Structures are given as structure tokens and as C-alpha cells.
**Q** 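Got a structure for you, written out below as C-alpha cells; questions coming shortly.
Because the structure is a prediction, the values reported are computed rather than measured. These values consider heavy atoms only, across backbone and side chains, with no hydrogens, waters or symmetry-generated copies.
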Amino acid sequence: VQLQASGGGMVQAGGSLRLSCVASGRTFSNYVMGWFRQAPGKERDFVATISRSGGSTVYADSVKGRFTVSRDNAENTVYLQMNSLKPEDTAVYYCAAKSIFYSANFHEYDYWGQGTLVTVSS
């Protein structure tokens with residue numbers, strides 16, 4: 001499956017952005033989707049994951065209550081709504097896909113998008 005992420009940009013602290021990730025090539029609803037991020041000089045961190053049906057979600061503690069992951073299987077798209085953004089949210093955000101069970105472990109994801117940069121200024 002091919003993944004194309006978009007929606008990144010520059011925003012002031014307290015602002016909002018919505019990231020999108022469009023999938024192609026395989027049956028989107030067969031895949032668990034995840035969002036990860038990587039700040040300069042740091043490891044790739046888990047942000048959120050959503051089950052194949054969209055009925056279950058898991059979030060990193062650092063974004064819980066501020067970010068919302070959702071998906072539209074008819075549109076082959078997963079979203080990450082990011083509210084109350086903080087400077088520490090600055091990173092390249094990646095969407096990823098894996099089969100069957102959702103996971104916070106990026107090693108378990110098989111397919112990756114190219115990343116979209118989010119910059120939050122103070």
C-alpha cells in the first residue's frame with residue numbers, strides 16, 4: 001500500500017492543524033493505521049493508532065486529549081486532528097500501515113508515508 005501524507009505547516013502555539021494520509025494500492029480497511037513523529041535528533045515516537053474499523057484508538061500520553069485520529073474507509077484516508085499545539089509537537093509526522101492488530105511499536109508497521117513537517121512556534 002502506498003501512503004501520501006499532507007497537511008503539515010507552521011502554526012503558533014495553541015493553534016490547530018489536521019493531517020491527512022491517503023492510501024492506495026490495497027484495500028485500506030484491511031490495515032491498522034498509525035501516526036508517528038520524529039523531531040530533529042530524536043527517535044521516531046508513537047502518536048496515535050486506529051483499528052481497521054475505526055472503532056478503537058490509542059494515543060501517546062503526550063497528545064491525549066489534544067489529538068484525535070480518525071479514518072474514512074470509503075475515502076481511503078486517515079486523519080490526525082491536532083489541537084492546542086505546543087512547540088514540543090514540532091516534528092515530521094508520518095502515517096503508517098500494518099495488518100491485523102493496532103500497535104504503538106513503529107517496528108511493526110510495514111508501510112510508511114513520506115512525512116509532513118509540523119512546526120509550532122511559541
Side-chain angles (χ1 to χ4, degrees):
V1 61
Q2 291 78 46
L3 302 174
Q4 180 74 37
S6 63
M10 183 175 292
V11 64
Q12 288 189 330
S16 298
L17 283 174
R18 188 176 81 156
L19 306 183
S20 300
C21 175
V22 179
S24 61
R26 299 282 180 95
T27 303
F28 180 66
S29 59
N30 286 347
Y31 292 91
V32 167
M33 299 300 297
W35 286 98
F36 295 81
R37 65 186 182 186
Q38 188 165 17
K42 295 189 176 181
E43 294 185 348
R44 191 166 297 190
D45 288 334
F46 167 72
V47 175
T49 185
I50 186 166
S51 63
R52 290 173 290 172
S53 68
S56 296
T57 56
V58 178
Y59 297 92
D61 287 344
S62 59
V63 306
K64 203 172 294 183
R66 300 187 298 123
F67 290 11
T68 303
V69 60
S70 61
R71 67 190 295 162
D72 184 339
N73 285 344
E75 296 294 329
N76 293 344
T77 304
V78 62
Y79 302 98
L80 186 67
Q81 177 67 44
M82 305 185 295
N83 299 328
S84 302
L85 282 161
K86 304 175 181 180
E88 51 263 43
D89 294 318
T90 295
V92 176
Y93 283 71
Y94 298 90
C95 58
K98 67 180 299 293
S99 57
I100 308 178
F101 301 113
Y102 53 73
S103 171
N105 185 345
F106 74 85
H107 292 289
E108 296 185 16
Y109 285 77
D110 300 309
Y111 304 98
W112 290 84
Q114 85 288 1
T116 185
L117 177 62
V118 172
T119 303
V120 184
S121 60
S122 57

**Q** Got a sec, which residues hit salt bridge (charged side-chain N to carboxylate O under 4.0 Å, His left out) with K64, two or more places apart in sequence or on another chain?
**A**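 Counting only residues at least two positions away or on another chain, K64 forms a salt bridge (charged side-chain N to carboxylate O under 4.0 Å, His left out) with D61.
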**Q** Return the set of residues passing side chain to side chain contact (heavy atoms under 4.5 Å, CB included) with S70 (not counting sequence neighbours), or none when no residue passes.
**A** Y79
**Q** Sequence neighbours excluded and cut-off under 3.5 Å, please list the side-chain donor-acceptor pairs for residues 10-32, or say none.
**A**
from : atom 1 : to  : atom 2 : distance (Å)
S16  : OG     : N83 : OD1    : 2.9
R26  : NH1    : Y31 : OH     : 3.4

**Q** At what distance, to the nearest 0.5 angstrom, does OG1 of T77 lie from CE of M33?
**A**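 Going from the OG1 atom of T77 to the CE atom of M33 covers 9.0 Å.
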**Q** Examine L80 and L85 and state if one hydrophobic cluster contains both, with Ile, Leu, Val, Met, Phe, Trp and Tyr joined whenever side-chain heavy atoms are less than 4.5 Å apart.
**A**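 In one cluster with L80: L85, yes.
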**Q** If the condition is side-chain hydrogen bond (donor to acceptor under 3.5 Å, both in side chains), which residues does Q38 pass it with, not counting sequence neighbours?
**A**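 Testing Q38 for side-chain hydrogen bond (donor to acceptor under 3.5 Å, both in side chains), a comparison that skips the adjacent residues, returns R44.
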**Q** Are F46 and V58 packed together at the side-chain level, in the sense that at least one heavy-atom pair is separated by less than 4.5 angstrom?
**A** yes
**Q** Search all heavy atoms of Y59 against all heavy atoms of T68 and return the closest pair with its distance.
**A** OH-CA, 3.3 Å
**Q** Determine all donor-acceptor pairs shorter than 3.5 Å in which one atom belongs to a side chain in residues 89-107; sequence neighbours excluded.
**A**
from : atom 1 : to   : atom 2 : distance (Å)
D89  : OD1    : R37  : NH1    : 2.9
D89  : OD1    : R66  : NH2    : 3.0
D89  : OD2    : R66  : NH1    : 2.7
D89  : OD2    : R66  : NH2    : 3.4
D89  : OD2    : K86  : N      : 2.8
T90  : OG1    : P87  : O      : 2.9
T90  : OG1    : V120 : N      : 2.9
T90  : OG1    : V120 : O      : 3.4
Y93  : OH     : R37  : NH1    : 2.9
Y93  : OH     : D89  : O      : 2.6
K98  : NZ     : F101 : O      : 2.5
S103 : OG     : N105 : N      : 2.9
S103 : OG     : E108 : OE1    : 3.1
N105 : OD1    : H107 : N      : 2.9

**Q** According to disulfide (SG to SG under 2.5 Å), does anything in residues 31-84 pair up with another residue at least two apart or in another chain? List the pairs.
**A** none
**Q** Do F67 and V47 come within less than 4.5 Å of each other through their side chains, counting heavy atoms only?
**A**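 F67 vs V47: side chains touch.
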**Q** Can you list everything that forms a ring-ring contact (aromatic ring centres under 6.0 Å, His included) with Y109? Sequence neighbours excluded, please.
**A**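 Result, ring-ring contact (aromatic ring centres under 6.0 Å, His included) vs Y109: F36.
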**Q** Quick check against the 3.5 Å criterion: does S51 have a side-chain atom that pairs as donor or acceptor with the backbone of S56?
**A**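 Between the backbone of S56 and the side chain of S51 there is a qualifying donor-acceptor contact (under 3.5 Å).
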**Q** Can you pull the salt bridge (Lys or Arg N to Asp or Glu O under 4.0 Å) pairs that have at least one residue in residues 113-122, sequence neighbours excluded?
**A**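 Pairs touching residues 113-122 that pass the test: none.
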**Q** Of all residues at least two apart in sequence or in a different chain, which pass the side chain to side chain contact (heavy atoms under 4.5 Å, CB included) check with Q114?
**A**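 Listed in chain order: Q4, A5.
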**Q** Which residue pairs pass the salt bridge (Lys or Arg N to Asp or Glu O under 4.0 Å) test with at least one member in residues 68-81, sequence neighbours excluded?
**A** none
